[in-house]
Amino acid sequence: MSIKLYSTLSRRKEDFETIEPGKVRMYVCGVTVYHKAHIGHAMFALVFDVIRRYLEYRGYAVRHVMNFTDVDDKIINRANQLGVNPFELAEGYIREFQQNLADLNVLPATINPRATQEIDLIIKMIEGLIEKGFAYPLDSDVYFRVDKDPDYGKLSGRRLDDMQAGARIDVDNRKENPMDFALWKASKPGEPAWDSPWGQGRPGWHIECSAMNLNHLGEQIDIHGGGNDLIFPHHENEIAQTESLTGKQFARYWVHNGMLQLSGEKMSKSLGNLVSIDDFLAKHKADSLRFLILNSGYRNPLSYSDEIVEQADRAIERLQSGLRPAEAAAAGASTQDLEDLQKQMVATRTGFEQSMDDDFNSAGALGYLFELVRVINQAHAEGATAAQLAPAQDLLKELTGVLGLQLENSRAGDQAVEPFIQLLIDLRLELRAQKLYQLSDLIRNRLLDMGVILEDGKGGTSWRFK
RNA sequence: GGCGACGUGGCCAAGUGGCAAGGCAAGGGUCUGCAAAACCCUCAUCAUGGGUUCAAAUCCCAUCGUCGCCUCCA
């Protein structure tokens, strides 16, 4: 069975076929680095991380490119406000975002190109577009001529006639068509600038992505992704530029994720309603955020609230419960239990793959993983040994890993405390044997306050970090 | 005004023609000194109104509601 994925261009699910067999060229629009990254940015990164991981699970070699826009008006404005060098400002946020992604267990992209590293190619492309009549210089700017592009609007499903140019911004009367967009922008004194045939300036927002695609993936790519707020104008313009220049179809599949919303509104820098990735990770595990995103369709909007984060925290604990070690004194599960476990393993992998093949239906896939957890726990409760649980637990680890979940219980760097915890457990065991329950409960409660949970089972007391 | 998406139990959410996955919460039970975890049981006819069909949450029409894009935006 093949993978199906929804493409914004055709507005339907399509069979996934790559240009080169077994290889995927995937470009994902990254961020403009002028501000701390928020969990909305994390969403796109997580969505495409899961897509990439699943494609690799399916045997594809994925060349994953995610760019950084490191020069633009917003960066310059903010640098001016802060009185710092715009390049240094961008560099700092790039480092921070990469650290955020690492903290979220997002695999590093194959390449992270930056707009400022592509200037030569950008200029060549603009020259090519001018030669072909798709662009025209105006003073020291260069604009793309939308009227020359017959299928302009095909991605976003708009026609030029329908668009109320200037409805919310002032029309630049110098342009041939109000919808013409900048390929090259003249710079003001003191702003970052590069030499060009049209004078000192910098690239427009859209052309950089076209250039990075061309440079790192080629004229034609398999998947082009990003948030659905980029469909228009950014991706529309990218198609227009690239296809006008090459005369070939640019991306086979356009994949867009829905927006993360906070209190009913899109989370965005301009609205000021954001939760930074750092804020989130200070209170919750990376797995929790990933679960939130996996648990709903990637194309749907996702409403963020304390309540659903709390639910995600619990759900992760539930998945972790499937990985608990067998009781030391386990007697072994019955043949029937082991058969059930075996059946569920087959059902889980099959269901997982069928769900994920269907446009990366991770919520459906999670359903099968929870069912596996239940059957593992049943066997666990029936006395399965470590060896009996291992195959199912390995499967659980493997498939949650495909989704990028870590399910780690222990906190890094805390190994040193383990002997002391064990000492307290042994002490408490003695107190309980003497029925000194007040003291034994005191130990349990105090450890809980410190984030260590004790659980008394048949085979002794086990513990885990909260 | 134009384009588009969505509306499934208290909450999140899958399912897009054939008896409504899963998670969280809640209630009951087993286990336990107690607790926690785990296990067992209970918990929805799918916004509303029409229509098509042997059969609809799933297709069509209408209504109501929520949201996104059209401007920088993941």
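All figures in this text were calculated on a predicted structure; none of them were measured in a lab. Labels below follow one simple rule: chain letters A, B, ... track the order of the sequence lines, proteins then strands, and each chain is numbered from 1.
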(message) Between the base of B:G23 and the side chain of A:Gln311, is one N or O donor paired with an acceptor at under 3.5 angstrom?
(response) yes
(request) Pick base, sugar-phosphate or nothing for A:Ala315, based on heavy-atom distances below 4.0 Å to the nucleic acid. (result) sugar-phosphate
(request) Examine the base of B:A35 for any acceptor or donor lying under 3.5 Å from a partner atom in the side chain of A:Arg444, and report the outcome as yes or no. (result) yes
(message) Rounding to an integer number of Å, can you tell me how far A:Phe280 CZ sits from B:A74 P?
(response) 20 Å
(request) Check every atom of B:G23, B:C72, B:A37 against the side chain of A:Arg464 and return the nucleotide holding the closest atom. (result) B:A37
(request) Identify which nucleotide among B:C39, B:G33, B:A74 has an atom closest to any side-chain atom of A:Met259, counting heavy atoms from C-beta outward. (result) B:A74
(message) Under 3.5 Å for both donor-acceptor distances, Watson-Crick or wobble: does B:G9 have a partner, and if so which one?
(response) none
(request) Just compare B:C12, B:A74, B:A25 and give me whichever is closest to any side-chain atom of A:Leu260. (result) B:A74
(request) Using the closest heavy atom to pick a nucleotide of RNA chain B for each, name whichever of A:Ala365 or A:Ala381 lands nearer the 5' end. (result) A:Ala365
(request) State the pairing partner of B:G17; accept Watson-Crick or G-U wobble contacts with both distances under 3.5 Å, and report none otherwise. (result) none
(message) Using whole Å, what does the distance between atom P of nucleotide B:A13 and atom CZ of A:Arg299 come to?
(response) 15 Å
(request) Using atom CG of A:Leu319 as one end and atom P of B:A37 as the other, report the distance to the nearest whole Å. (result) 16 Å
(request) Taking only the side-chain heavy atoms of A:Ile308 (C-beta and beyond), determine which of B:C11, B:A74, B:C24 contains the nearest atom. (result) B:C11
(request) Remember a base hit wins even if backbone is also touched, and classify A:Glu307 as base, sugar-phosphate or nothing at under 4.0 Å, heavy atoms. (result) sugar-phosphate
(request) Output yes when A:Glu339 and A:Lys343 qualify as a salt bridge under the 4.0 Å nitrogen-oxygen rule, no when they do not. (result) no
(message) If you compare every side-chain N and O of A:Asn257 against the phosphate oxygens of B:A74 (OP1, OP2), does one of them come in below 4.0 Å?
(response) no
(message) Would you measure the distance from the P atom in B:A37 across to the matching atom in B:A20 and give it in whole Å?
(response) 31 Å
(request) Once you apply the 3.5 Å cut-off to both distances, tell me the Watson-Crick or G-U wobble partner of B:C31, or none. (result) none
(request) Give a yes or no on whether the ring-centroid distance for A:His224 and A:Phe250 is below 6.0 angstrom. (result) yes
(request) From the options B:A74, B:A36, B:C72, select the nucleotide whose nearest atom is closest to the side chain of A:Lys74. (result) B:C72
(message) The side chain of A:Met43 is closest to which nucleotide in this list: B:A74, B:A38, B:C70?
(response) B:A74
(request) Give A:Arg432 one of three labels, base, sugar-phosphate or nothing, depending on what nucleic acid heavy atoms sit under 4.0 Å from its own. (result) base
(message) Please pick, from B:G23, B:A74, B:A37, the nucleotide with the shortest atom-to-atom distance to any side-chain atom of A:Arg318.
(response) B:G23
(message) For B:C72, give the paired nucleotide (Watson-Crick: N1-N3 plus N6-O4 or O6-N4; G-U: N1-O2 and O6-N3; both under 3.5 Å), or none.
(response) none
(request) Classify the nucleic acid contact of A:Asp72 as base, sugar-phosphate or nothing, counting any heavy atom under 4.0 Å across all strands shown. (result) nothing
(request) Report yes if a donor N or O on one partner sits less than 3.5 Å from an acceptor N or O on the other, where the partners are the side chain of A:Asp456 and the base of B:C34; otherwise report no. (result) yes
(request) Identify, between A:His206 and A:Asp441, the residue whose nearest nucleotide on RNA chain B lies closer to the 5' end. (result) A:Asp441
(message) So, under a plain 3.5 Å distance rule, would you say the side chain of A:Gln378 forms a donor-acceptor pair with the base of B:C39?
(response) no
(request) May I have the distance from A:Asp337 (atom CG) to B:C40 (atom C1'), rounded to whole angstrom? (result) 14 Å
(message) Do A:Val309 and A:Phe280 make a side-chain contact, defined as non-hydrogen atoms from C-beta onward lying under 4.5 Å apart?
(response) yes
(request) Pick base, sugar-phosphate or nothing for A:Arg12, based on heavy-atom distances below 4.0 Å to the nucleic acid. (result) nothing
(message) Taking only the P atom of each, what is the distance from B:G49 to B:C64 in whole angstrom?
(response) 15 Å
(request) Report yes or no: is the cationic atom of A:Lys13 (NZ for Lys, CZ for Arg) closer than 6.0 Å to the six-membered ring centre of A:Tyr6, at no more than 45° off its axis? (result) no
(message) When the P atoms of B:C72 and B:U63 are compared, how many Å lie between them, rounded to an integer?
(response) 33 Å
(message) Just to be sure I understand the rule, does A:Ile231 reach a base, reach only the sugar-phosphate, or reach nothing, if contact means heavy atoms closer than 4.0 Å?
(response) nothing
(message) Is it the case that atom CZ in A:Arg95 sees more than 12 heavy atoms from other parts of the structure closer than 6.0 Å?
(response) no
(request) Pick base, sugar-phosphate or nothing for A:Asn295, based on heavy-atom distances below 4.0 Å to the nucleic acid. (result) base
(message) Under 4.0 Å, heavy atoms only, any strand: does A:Leu454 hit a base, just the sugar-phosphate, or nothing?
(response) base
(request) When you get a sec, tell me which of B:A74, B:C67, B:G33 is the closest nucleotide to the side chain of A:Gln261? (result) B:C67
(message) Do A:Phe291 and A:Asp313 have side chains that approach each other closer than 4.5 Å (heavy atoms only, starting at C-beta)?
(response) no
(message) From CZ of A:Arg290 over to P of B:A13, roughly how many Å is that when rounded to an integer?
(response) 19 Å
(request) Just name whichever nucleotide pairs with B:A47, Watson-Crick or G-U, keeping both distances under 3.5 Å, else none. (result) B:U63
(request) Rounded to the nearest angstrom, tell me the gap between atom OH in A:Tyr368 and atom P in B:G23. (result) 13 Å
(message) What's A:Glu317 touching, base or sugar-phosphate or nothing? Going by heavy atoms closer than 4.0 Å.
(response) nothing
(request) Could you measure between the two P atoms, the one in B:A47 and the one in B:G28, and give it in whole Å? (result) 32 Å
(request) Name the orientation class of the two ring planes belonging to A:Tyr93 and A:His35 (parallel below 30°, tilted from 30 to 60°, perpendicular beyond 60°). (result) parallel
(request) Give the rounded distance in Å between these two atoms: CG of A:Leu389 and C1' of B:A38. (result) 13 Å
(request) Look at the side chain of A:Asn228 against the base of B:G4 and say whether a donor-acceptor pair falls under 3.5 Å; ignore hydrogens and angles. (result) no
(request) Please work out if A:Ser440 contacts a base, only the sugar-phosphate, or nothing of the nucleic acid, heavy-atom cut-off 4.0 Å. (result) base
(message) Within a 6.0 Å radius of atom CG on A:Asp151, are there more than 12 heavy atoms belonging to other residues, nucleotides or ligands?
(response) yes
(request) Would you verify whether the NZ or CZ of A:Arg158 falls within 45 degrees of the ring axis of A:Phe232 while also being under 6.0 Å from that six-membered ring's centre? (result) yes
(request) Give A:Gly351 one of three labels, base, sugar-phosphate or nothing, depending on what nucleic acid heavy atoms sit under 4.0 Å from its own. (result) nothing
(request) Please state how far atom CZ in A:Phe370 lies from atom P in B:A38, giving the value in whole angstrom units. (result) 11 Å
(request) Measure from the side chain of A:Asp229, starting at C-beta and using heavy atoms only, and say which of B:G23, B:A74, B:C70 lies closest. (result) B:A74
(request) With a 3.5 angstrom cut-off on both distances, give the Watson-Crick or G-U wobble partner of B:A37, or none if there isn't one. (result) none
(request) Output, in order, the C-alpha distance, side-chain angles, deciding distance and verdict of side chain to side chain contact (heavy atoms under 4.5 Å, CB included) for A:Glu191 and A:Lys188. (result) CA-CA 6 Å; A:Glu191 290 181 347; A:Lys188 300 190 191 91; 3.7 Å; yes
(message) By the 4.0 Å heavy-atom rule, please label A:Gly457 as base, sugar-phosphate, or nothing.
(response) nothing
(request) Tell which nucleotide pairs with B:U42, taking only Watson-Crick or G-U wobble pairs whose two distances are both under 3.5 angstrom. (result) B:A26
(request) Please determine, for B:U53, whether a Watson-Crick or G-U wobble partner exists with both distances under 3.5 Å, and give it or none. (result) none
(request) Using a cut-off of strictly less than 4.0 Å, decide whether A:Asn361 has a side-chain nitrogen or oxygen near OP1 or OP2 of B:G15. (result) yes
(message) Measuring only the P atom in each nucleotide, how far is B:G7 from B:U16? A whole number of Å is fine.
(response) 13 Å
